[in-house]
Asker: 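Sharing a structure, written as structure tokens. Questions coming.
Counting starts at 1 for both ligands and their atoms, in listed order.
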Amino acid sequence: MKVGVLGSGEVAKVLAGGFIKHGHNVMIGSRTPSKLAEWTTAHPKAAAGSFADTAGFAELVVLAVKGTAAEDALKAAGERHLTGKTVIDATNPLAEAPPVNGVLKYFTSLDESLLERLQKAYPGAHLVKAFNSVGSASMVNPQFKGGKPTMFICGNDEAAKTTVRGILDQFGWETADMGKAEAARAIEPLCMLWCIPGFLRNDWVHAFKLLN
Ligand SMILES: NC(=O)c1ccc[n+]([C@@H]2O[C@H](COP(=O)([O-])OP(=O)(O)OC[C@H]3O[C@@H](n4cnc5c(N)ncnc54)[C@H](OP(=O)(O)O)[C@@H]3O)[C@@H](O)[C@H]2O)c1
């Protein structure tokens, strides 16, 4: 697939690297594509461009920008480049505030997630929440003693979720589909839970697994 990753941070680079590893054609995007020169030199199969170039190139879009900038990044990507496409939303709605006793602060509420806001703003895009509840170091084919971890996903479009499930299979994850967009109200705060051992004990290597 042609995959366009919106973002120049750690998550964007790790996920873009994962897509390359699994044989996809990758473009990575930033407001300042030149800041990705070192990364594209190290990954000569990938290209870098603006958010609009990257979304225009993509069959599958990945949103991996700062939560407070997510809406602006999709605006810059351009609605016409998003309509009808699967958009993996890896963002978390982190507020500009420090954690309290290891607990992050969000700018959303338990009655409205960031994914729902973005889905409302871009009704033609097929947003699927994924990759938000694990650290970047464990996103691609992680190896845990406890076996394959679980990625919780949600979104309104069933075909888009089937596409994301296929990607997660490649990336070494079990998928737990939690339903429609509203489920992001529960999935986004998993990042808060995931980060607590990190902030309290500098333990950043773990992932969730759903047992049944
Ligand atoms: N770090 C993790 O391990 C982890 C794990 C799971 C989920 N997440 C989530 O993944 C997302 C990316 O995290 P990250 O740590 O890789 O990077 P980050 O520092 O949160 O975000 C960097 C990206 O945000 C973009 N950005 C910042 N301000 C912007 C603005 N005003 N308008 C448009 N774009 C703007 C930057 O664009 P430019 O390239 O143009 O500067 C850059 O691509 C976040 O939502 C985070 O919560 C992170």
Asker: Looking at ligand 1, does Met139 have a heavy atom less than 4.0 Å from it?
Answerer: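 Checking ligand 1 against Met139, which is what was asked, there is a heavy-atom contact under 4.0 Å.
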
Asker: A quick test of your reading: do over 12 heavy atoms of other residues, nucleotides or ligands sit less than 6.0 Å from NZ of Lys180?
Answerer: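 Yes, the 6.0 Å shell around NZ holds more than 12 heavy atoms from other groups.
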
Asker: Of the choices Gly9, Ala64, Ser50, which has the non-hydrogen atom that lies closest to atom 12 (C) of ligand 1?
Answerer: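 Heavy atom nearest to atom 12 (C) of ligand 1 belongs to Ala64.
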
Asker: Mind checking whether Val134 has a heavy atom under 4.0 Å from ligand 1?
Answerer: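 Val134 counts as a contact of ligand 1 under the 4.0 Å cut-off.
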
Asker: Among all protein heavy atoms, pick the one closest to atom 41 (O) of ligand 1 and tell me residue, atom and distance.
Answerer: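 Sorting protein heavy atoms by distance from atom 41 (O) of ligand 1 puts Lys35 NZ, 2.5 Å first.
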
Asker: Which of the atoms of ligand 1 are close to Gly7, meaning less than 4.0 Å from one of its heavy atoms?
Answerer: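 The list of qualifying atoms is 43 (O).
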
Asker: Between Lys120 and Glu71, does at least one N-O distance fall below 4.0 Å, as a salt bridge requires?
Answerer: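 Answer for the salt bridge query: no.
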
Asker: Identify, for atom 46 (C) of ligand 1, the protein heavy atom at the shortest distance, and state residue, atom and that distance.
Answerer: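 I find the closest protein heavy atom is Asn92 N, 4.1 Å.
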
Asker: Kindly indicate whether the side chain of Glu182, heavy atoms from C-beta on, has any atom under 4.5 Å from the side chain of Ser113.
Answerer: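 In short, these two side chains do not touch, never coming nearer than 4.5 Å.
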
Asker: Nearest non-hydrogen atom to atom 48 (C) of ligand 1 belongs to which of Leu36, Ile28, Leu74, Val11?
Answerer: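 When every heavy atom of Leu36, Ile28, Leu74, Val11 is considered, Val11 comes closest to atom 48 (C) of ligand 1.
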
Asker: Nearest to atom 9 (C) of ligand 1, what protein heavy atom do you find, and at what distance?
Answerer: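 Nearest neighbour among protein heavy atoms for atom 9 (C) of ligand 1, to 0.1 Å: Ala90 O, 3.3 Å.
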
Asker: Side chains of Asn141 and Lys21: do they bring a donor and an acceptor to under 3.5 Å?
Answerer: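 Yes.
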
Asker: Heavy atom under 4.0 Å from ligand 1: found in Thr91's side chain, backbone, both, or neither?
Answerer: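 Within the 4.0 Å criterion, Thr91 contacts ligand 1 through backbone and side-chain atoms alike.
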
Asker: With heavy-atom distances below 4.0 Å as the criterion, list the atoms of ligand 1 near Phe131.
Answerer: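 Checking each atom against Phe131, I get 6 (C), 7 (C).
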
Asker: Hey, is atom 19 (O) of ligand 1 under 4.0 Å from any protein heavy atom?
Answerer: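 There is no protein heavy atom less than 4.0 Å from atom 19 (O) of ligand 1.
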
Asker: Is it the case that more than 12 heavy atoms not belonging to Lys105 sit under 6.0 Å from its NZ atom?
Answerer: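 Atom NZ in Lys105 is not packed in, count stays at 12 or less.
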
Asker: Which label fits Phe19 and His24: parallel for a plane angle under 30°, tilted from 30 to 60°, or perpendicular past 60°?
Answerer: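 Ring orientation, 0 to 90° scale: perpendicular.
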
Asker: Considering only non-hydrogen protein atoms, determine which one is nearest to atom 45 (O) of ligand 1 and report residue, atom name and distance to 0.1 Å.
Answerer: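 Answer, as residue, atom name and distance: Val65 O, 2.7 Å.
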
